[in-house]
Amino acid sequence: MELTLPIPNLRAIMPELVMTFWACLVLVVDVLISKERKTWVGYLALVGTLVTMAFTLPLLGTRTSTFSNMFLVDGVALFFKFIFLLATALVILVSLRYLDIEGVNLGEYYAMILFATLGMMIMAAGNELITIYLSLELMVISTYVLCGFIRRDRRSTEAAVKYFLLGIFTSAILLYGMALLYGLTGTTNLTEIGRALQAKNLGANPALLLAMIFLAAGLGFKVAAVPFHMYVPDVYEGSPTPIAAFISVGPKAAGFAVLARLFLVSLPAIRPQWGTLLWVLCVMTMTLGNLVAMKQSNIKRMLAYSSIAHAGYVLIGLVVANEIGLASVVLYMFVYAFMNIGAFSMVILMCKRGDRGERIEDFRGLARSHPWAAIAFLVFFLSLAGIPPTGGFIGKFYLFSAAIQANYVWLAVIGVANSALSVYYYFRVTMLMYMSDPSGEIRLTLSPSLVFALAVMVIGTLAIGLYPSPLIAAARASMAPIFGP
Amino acid sequence: MDLSFLFFYLFAAVAVGAALVVVLNRNILHCAMALVLMFFAIAALFLMLGAEFIAAVQVLVYAGAIMVLFLFVILLIQIDRVQMLRFAHRQSPLVVIIAVLLLAELLYMIIRGTLGIAPGGADAAAAGAASGSTEAFGALLYTTYLFPFEVASVLLLAAMIGAILLARLDKEEVGGVSRQDMS
């Protein structure tokens, strides 16, 4: 058989190539570095994310595809890649000291984070079912390992096992949906699936509906939407805190990227059906997340339910599913990376050897002893609750106004009502910090990298809130490939 | 009617029956053996579709490698005869009703929905012969599907490192026993 090897456009996958190289480099360097100096490996991984960002920058504005149209370079993919790289860099920064405290300072930790990031980057760029599935598995398998990283800790192991079992179960469901889609159309390419469904007029086929439900369920697990959220509180509580921050941002954003591309590119034929499905998921996710978050006494569990609620807000953008709706999704995920990793970093600040400092009570009177830390926490909470002048307000404002413009008034009303609910539990912690006296001496775990990361996140959250126009313009421009000319 | 249809239903029935035994039987060893039978029946279905490569992989990887792993695990956890596993725990009636409803819905959608490729049909066999044979499969893997192929290799690397990371014994964790003594 004559076999001509294709010559792929390697420039398009440069960021992924650099990331793969760097993950392997981290693994090799890790072996050469003595046990006391493992923090260097972390800095090396941090440099890796920055270098990858530098290689992603020149691609901005280009639109191309390579590897038989399986890998896309477009605005959406690039915007998501920046979110992932940013989140990864922040998570590495806040991990450096934390791993020491937990006594698991191993270089492989950073390699697994980089592998997970690589998986997310390919997910956002994948235009083909097999590519998407494999990159998704790359992402989740790396995160399973990271969840169970503190092996002597039972809760960490429990988190990993729960995440793993439920994760493979939903992966199978996702795969079933993909198989049905392939069976219906005979192709795995997203663009061609969309075309085949239109051409064969399969819009009313029940099997297509089934495929859609399976895909929504499989990806709903990744973005932590209700009713696929059961694992979230346990996994976030048990995992190492930086990893909880990582899972709450990275895989969630990657799940949204795939969900948006899959539904908009492949399934426009059943737009009303998936619109209704996502509407129901969206309302359930917002409401349940916020209601249950109110009753938590563990701050990591509270943030877990809050992250479920935020997945609900972002789903509004997918229900609307027009240019402005999706632009507000990427905008929100960008802001969310700052504010949510920021809030989890505050928990890292409280953690000491043998005590993870995750009771809400631990924050009592923080403002008296450490006013700056309390202000940072206040900024993140204001942003998460969506109060100006923070980035969270801008994100929510765009999501809700996108819903109103597209005549989803009820969705916007429920969203605003939920935001009001969320103020209650964010301010419960704030009240404890500001209005009560400390019950004992509060000792914070401060390290230069953690303080630097917190400063970046506070400034980022505030800067987006005060001067959002460049980011909004970038988010809207990134949507052009799907909607524009 | 084509004779291949008869064989299709035969193998399909064996596969479903064996799968039921896997779930319902209380002796985990019997379950494992039924699973092997199911893998073979599925491999036979792939063969009928002309996909000999996938059939071979099914037997080698699933019935071979993965089952050996299963049996090793069963060997290691030493289940007593008394304490046999029950997979089908007692469920509340509501769960059963919802499950039955979901199953009915699934069946309805699958029966009503027509897939592009009919099971066991001639065109399916032709399509399988074109894409499922080892040669065609290899060619596809190194041309059209080169990118996912590479992603899979990174995935396996990450999974391997992860498995080693979670399973290895550290010096401090085994309490003074050095790694040389362990091996």
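Per chain, numbering begins at 1; letters A, B, ... match sequence-line order. The structure presented is a predicted model; accordingly, all values stated were derived computationally and were not measured.
- For Leu208(A), no part lies under 4.5 angstrom from a heavy atom of chain B.
- Judged purely by distance below 3.5 Å, without hydrogens or angles, the side chains of Asn189(A) and Thr187(A) never pair a donor atom with an acceptor atom.
- Contact count versus chain A (heavy atoms, under 4.5 Å) is highest, among Leu166(B), Val154(B), Ile161(B), for Leu166(B).
- Of the two parts of Thr20(A), only the side chain, counted from C-beta on, holds a non-hydrogen atom closer than 4.5 Å to a non-hydrogen atom of chain B.
- Within the 4.5 angstrom heavy-atom criterion, only side-chain atoms of Leu118(A), from C-beta onward, approach chain B.
- With sequence neighbours excluded, no residue satisfies ring-ring contact (aromatic ring centres under 6.0 Å, His included) with Phe46(B).
- Using a 4.0 Å cut-off between charged nitrogen and carboxylate oxygen, Glu158(A) and Lys162(A) count as a salt-bridge pair.
- Side-chain N/O atoms of Asn127(A) and Ser65(A) include no donor and acceptor closer than 3.5 Å.
- For a residue to count as touching a neighbouring chain, one of its non-hydrogen atoms must lie under 4.5 Å from one of that chain's; by this rule Leu156(B) does not touch chain A.
- Checking Thr88(A) against Thr117(A) by side-chain atom types alone, a donor-acceptor pair falls below 3.5 Å.
- Of the listed residues Thr157(A), Ile122(A), Leu146(A), the one with more heavy-atom pairs under 4.5 angstrom with chain B than any other is Ile122(A).
- Residue contact with chain B, scored on non-hydrogen atoms closer than 4.5 Å, is absent for Glu16(A).
- Side-chain atoms of Glu137(A) and Ser171(A) include a donor-acceptor pair closer than 3.5 Å.
- When Leu106(B), Leu165(B), Leu157(B) are compared by the number of non-hydrogen pairs under 4.5 Å with chain A, Leu165(B) comes out ahead.
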